[in-house]
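A, B, ... follow the sequence lines: proteins, then strands. Residue 1 opens every chain. For clarity, every value in this text was computed on a predicted model and none was experimentally measured.
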Amino acid sequence: MNALPTAAAQVLERFQQAASWEQRARLLMQWGNQLEAVGTEECNETNRIQGCESLVWLIDASSENHLHFRAVSDARILRGLLALLLLRINGLTRQELDTIDLADWFAQLGLSRQLSPSRSNGLNAVLQRMRELADTKT
Amino acid sequence: MSLISPWRSDFPALAAFEAENQTYLDSAATAQKPLVLIDALHACYSYGIANVHRAQHLPAERSTQAFEAARQKMADWIGAGSPSRIVFTRGATEALNLLAYGLEHLIQPGDDIVVSALEHHANLLPWQQLALRRQARLVILPIDDAGMVDLDAARQMIGSRTRLLAVSQLSNVLGSWQPLAELLPMARTHGALTIIDGAQGAVHGRHDVQKIGCDFYVLSSHKLYGPDGVGILYGRNEALNQLQHWQFGGEMVRAADYHAAEFHSTPFGFEAGTPPIAGVIGLGATLDYLAGLDMVAVSAHEQSLHAELMAGLLARKSIRIVAHPQTALVSFNAIGVHHADLSHLLTEQGIAVRSGTHCAMPLMKHLGLAGAIRVSLGLYNDSSDLQRFFTALDQALELLA
Ligand SMILES: Cc1ncc(COP(=O)(O)O)c(C=O)c1O
């Protein structure tokens, strides 16, 4: 398993300290505010993820060696979840994306349901799109 | 006044949900099951199951008898008149697809197939695809602000080119009863066949399909407190006789050769393959249960509960109710709040409601909504469920403010 980057370890600590669903929800919304900016012109059909209940745009700004995604949604909680996903993925190599255990990451955050196989969940669609984007570059 | 459901304890899942702090308000998606049904399924498998309409042995005879008894009970429940007018399918969706294939031969290029703007995908897509296959025109009847098919518009739009009219009895998003008594004669005048999607309507009150006067009526076992995997198609004799066979195999055949075959008429000719045997027998048990209830009391309870739900939502300034729900369910949004955020926070608090487009994407687009939260009721819900919902709603809205 890959060791957690420092920023991820710090977030994890804060989520693990959240005792109630309210605190977790507040944290999620705070994290959502820290997403890297996405321009309105980038919120176009090409970058839009199909299959989410909310609007989600994903932009691939990866370099040769390292993954780098930016994302945004019109739903606040989902913005928070996206921030936590990106925090764990950005900076990884493409190979690492295949081996990383994201279910475990969200489980540790106390958010395991968010990666459930239910089709209405947006996060799975985002992840699938990331994998597609990463694959087309290798 | 606090409403208590006297039927709640007949449904073991309600106590199980309570033990894990879940409040189930999603019965329009699927309903919980009475103990008598669970017992019937258990008995089916523990005393021994056999295929139906095939073998002569005792277990087969027992299965077949129970299966056909369920067909009779279904016919009685909806006033079909005869069990031969009941076809078992694998769901309401499959029943509608059966119709869209079985009636395909009646549709010529340039004919009209008429549906309404509020249809569930199950009563839209089969007709849309049929229209595409036959170069027919799919006509969409508009709805008014109350969420009812606009009768004046319908009078203009249903005409001599109309071959089929397919509409819901009760909207799964808007909770509005559709004006079938006015609509169906418009189609009949022009010799068009009428199809009613009763998936939601059949669950609230008891309806007589012959009084409704439709050619076909479709419903879903799993929404009517029965097992999933079973749907029901009722048809008038003259209407059923117009159906062409659509799925082939098993005992639906009367005589088969390598290069040709003859098929049974309804119902057996339309039940290809092994049917959901235990599911149908289980549905029979549910129908026995329902037949034993005081339906007037059930309806009164559901209406009072619905009124309480409406009043609670209307009392909250930021809530916008979609259309004018009359029964069973309410869809709503909160101003300035994304339905997915609200849904997330309700879920966190153990409130099981549905959010999104409710298998009616064209309707939601038509209403200009990205989505909505839907609270839906079963006969087992009571005021305590609504109180928990409202407490959770207030907490969620406060957090999102
Ligand atoms: C109005 C309506 N029609 C059809 C269906 C489909 O029913 P089934 O799940 O049995 O295929 C549903 C269920 O969601 C519904 O609400």
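- Remark: the A:D74 side chain and the B:H338 side chain contain an N/O donor-acceptor pair separated by less than 3.5 Å.
- Ring geometry for B:Y24 against B:Y380 counts as tilted: the plane angle lies between 30° and 60°, on a 0 to 90° scale.
- Scanning all heavy atoms of the two residues, the minimum distance from B:L329 to B:P325 falls at O-CB, 3.2 Å.
- Heavy-atom neighbours of A:R131 CZ from other residues, nucleotides or ligands within 6.0 Å: above the threshold of 12.
- In terms of heavy-atom proximity, B:L124 sits nearest to B:P362 at CD2-CG, 3.6 Å.
- Comparing A:E22, A:R24, A:R76 by how many heavy-atom pairs each has under 4.5 Å with chain B, the most go to A:R76.
- Residues of residues 26-47 of chain A placed with any heavy atom under 4.5 Å of a heavy atom in chain B are listed by number as A:R26, A:L28, A:M29.
- Interface remark: of the candidates B:G356, B:A370, B:S343, B:A396, B:G356 forms the most heavy-atom pairs closer than 4.5 Å to chain A.
- Minimum interatomic distance between A:S73 and A:L78 (heavy atoms only, all atoms of both residues): OG-CD2, 3.6 Å.
- Of all heavy-atom pairs spanning B:L174 and B:G147, the tightest one is CD1-CA, 3.7 Å.
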